[in-house]
Amino acid sequence: MLKKLKRVLFGGVEASHIGEPETNPSTVPRSQRTKKSAAATEAIPGNLPERLEELDLSTARIVPREEHCISRKQISPNALKALYRLNDAGFQAFLVGGGVRDLLLKSTPKDFDISTNATPEEVRQLFRNARIIGRRFKIVHLTFGREIIEVTTFRAHHNAENEFDDAAGDRHGIKGLDSAHSNSGMILRDNVYGSINEDALRRDFTINALYYTTNRFLVIDFTSGLEDLENGLIRMIGDPAIRFREDPVRLLRAIRFSAKLDFNIEQNTRLQIDQLAYLLESISPARLFDETIKLFVGGKAVSTFALLRQYKVASYLFPQTLEHTRDPAAPASRLLQLALENTDTRLAEGKSVTPAFLYAALLWPPLQAELARLSGDKPATIPALQEAANKVIMAQLNHTAIPKRFTAAMREIWELQLKLRPRNARSAESCMAHPRFRAAYDFLLLREEAGEELHGAGSWWTRLQLANPEQQQQMLQELGTRSSAKPRKRRRKRQEKKE
Ligand code: ATP
Ligand code: MG
């Protein structure tokens with residue numbers, strides 16, 4: 001496995017490229033990193049290309065074109081366009097982050113990120129399709145149709161000079177500051193710019209701090225990221241305790257990358273996760289909603305959730321879910337497991353998944369428990385379900401936000417679970433016409449698969465949808481004759497006559 005990865009990283013010389021080096025400098029063993037890095041730098045023929053000369057690469061490991069597997073063909077043409085435009089305007093610009101990491105691992109990057117010494121305002125002046133976003137961490141989004149390239153300016157280390165109290169609800173004083181921390185070490189403003197060397201050390205994990213330049217197509221590594229990529233390790237740059245405190249979302253990122261890449265988390269980084277998981281309480285619920293969705297839509301929802309449980313992080317995100325899934329064999333726990341498997345399968349097939357469906361499954365176990373408490377031995381009713389849904393959703397909002405459009409859809413998926421027990425033709429037809437029918441039907445099938453006794457409701461709906469119009473009519477008519485609606489109707493008519 002390691003040998004294979006080494007071949008992937010450093011083997012596979014590809015067809016010639018413009019500006020390739022004439023000699024083959026060797027890569028650098030760890031023990032002689034600094035000395036040999038300088039040697040590698042010297043070995044780039046004709047010295048470093050213009051603009052790279054401006055950089056201090058004395059502590060970097062530089063991998064020339066023929067010793068890594070990244071080809072421009074694999075890079076989004078829009079990202080290349082942005083890199084060239086920034087370079088042409090006299091700025092340094094590099095591909096960084098997941099784009100470089102995933103290409104070195106021979107997988108397809110989710111998106112491409114660029115790091116530059118141009119300030120956000122300078123980037124905006126160069127691109128018509130640029131928008132500056134974020135306050136805590138200003139970045140520029142370049143929009144090319146559906147593709148967004150994220151451009152960030154090199155960040156520098158900044159001392160905790162503007163310190164705000166953790167408990168202070170009112171942080172108006174932050175407005176206009178480029179640098180600010182809370183007194184527990186959380187970074188509240190991170191807009192102090194620096195050099196590429198500083199930028200590398202401000203990134204989260206070593207494997208995310210690899211830079212690729214279209215200037216002679218070099219890969220530049222300041223933090224031993226290439227070695228960690230070879231060894232399959234997620235390692236925090238710097239002191240993990242300090243770096244997790246600076247931004248506790250990095251706890252979730254460590255778990256996300258570990259599941260996504262099937263990498264281990266390096267020991268010192270791992271040891272801090274359990275201990276610092278409580279810091280997630282200081283992250284805004286809105287940011288946590290975005291981050292939880294990323295956890296589940298990376299194609300590895302099952303292993304991600306298992307790691308979230310293992311590292312106790314899940315208890316700060318989904319405490320109700322954990323409480324009601326202690327027995328993995330219970331149908332509600334099985335449903336959640338199946339929904340996560342289903343999410344991974346759908347994404348692998350290129351299908352979409354919605355946050356509403358995911359959250360409907362995550363909160364189904366506590367919803368079921370609350371509904372059972374409210375209903376006792378009687379069958380669940382819509383008002384009881386609504387009451388249970390309110391309670392469970394309100395409790396979840398203390399941990400992660402859920403935008404209203406998604407909570408509305410979740411409630412509909414849940415309510416349709418009661419209505420999808422076909423009683424008569426009219427109610428069956430109105431279910432089918434419901435905009436949330438498809439999601440609710442998928443949910444019903446998962447419940448059935450999870451072992452809930454639904455008296456064949458799922459397969460009845462499957463047959464109905466597969467049937468031709470005549471057969472459908474027949475099935476609906478059969479329902480009609482068993483309908484409980486008719487006697488009710490007659491009773492009402494008699495009352496009308498009396499009046
Ligand atoms: P992917 O896009 O595949 O999810 P990524 O590594 O590209 O993974 P992004 O969220 O796109 O992740 O961020 C781009 C890069 O920005 C990261 O690789 C990392 O270097 C840096 N980064 C992102 N979030 C943080 C953070 N919270 N702390 C430090 N660096 C970060
Ligand atoms: Mg990315």
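Ligands are counted one by one from 1 in listed order, and the atoms in each one are counted from 1 as well. In this text the structure is predicted, and so the values were computed from the model without any measurement.
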Side-chain heavy atoms of L229 within contact of L261, under 4.5 Å: no

Shortest protein heavy-atom distance from atom 11 (O) of ligand 1, along with the residue and atom involved: D113 OD2, 3.3 Å

Proximal protein heteroatoms (N, O or S) of the Mg ion (ligand 2), under 2.8 Å: D111 OD1, D113 OD2

Listed partners of S303 passing side-chain contact (heavy atoms from CB on, under 4.5 Å), at least two apart: A259, K300

Aromatic ring proximity F144/F127, centre distance under 6.0 Å: no

Any K260 heavy atom less than 4.0 Å from ligand 1: yes

Pairs touching residues 337-358 that satisfy ring-ring contact (aromatic ring centres under 6.0 Å, His included), sequence neighbours left out: F357-F443

Nearest neighbour in protein (non-hydrogen) for atom 28 (N) of ligand 1: R250 NE, 2.8 Å

Parallel, tilted or perpendicular: ring planes of F296 versus F305, cut at 30 and 60 degrees: tilted

Nearest neighbour in protein (non-hydrogen) for atom 30 (N) of ligand 1: D204 N, 3.2 Å

Residue, atom name and distance, where the atom is the protein heavy atom closest to atom 15 (C) of ligand 1: R203 NH1, 3.5 Å

Contact with ligand 1 for R256, non-hydrogen, under 4.0 angstrom: yes

Atom pair OG1/CZ of T292 and R256 - distance to nearest 0.5 Å: 11.0 Å

From CA spacing to verdict: side-chain contact (heavy atoms from CB on, under 4.5 Å), I273, F244: CA-CA 8 Å; I273 298 183; F244 279 133; 4.0 Å; yes

Proximal atoms of ligand 1 relative to G97 (non-hydrogen, under 4.0 Å): 18 (O)

R101-ligand 1 polar pair, N/O distance under 3.5 Å: yes

Identity and distance of the protein heavy atom lying nearest atom 27 (N) of ligand 1: D247 OD2, 2.9 Å

By ring pair (Phe, Tyr, Trp, His ring centres under 6.0 Å) - contacts of F222 (at least two apart): Y211

D290 bridged to K294 by N-O distance under 4.0 Å: no

Shortest protein contact, atom 17 (C) of ligand 1 (heavy atom only): R253 NH2, 3.4 Å

Location of contacts on D111 toward ligand 1, heavy atoms closer than 4.0 Å: side chain

Closest approach of any protein heavy atom to atom 5 (P) of ligand 1, naming residue and atom: G98 N, 3.6 Å

Any D113 side-chain heavy atom under 4.5 Å of T152 side chain: no

Partner of V140 under side chain to side chain contact (heavy atoms under 4.5 Å, CB included), chosen from T153, I132, I149: I132

Close approach of F257 to ligand 1, heavy atoms, under 4.0 angstrom: yes

Location of contacts on R202 toward ligand 1, heavy atoms closer than 4.0 Å: backbone

Nearest-0.5 Å distance, CG of residue D102 to CD of residue Q74: 11.0 Å

Shortest protein heavy-atom distance from atom 1 (P) of ligand 1, along with the residue and atom involved: K110 CE, 3.6 Å

Heavy-atom side-chain proximity of R202 to E246 below 4.5 angstrom: yes

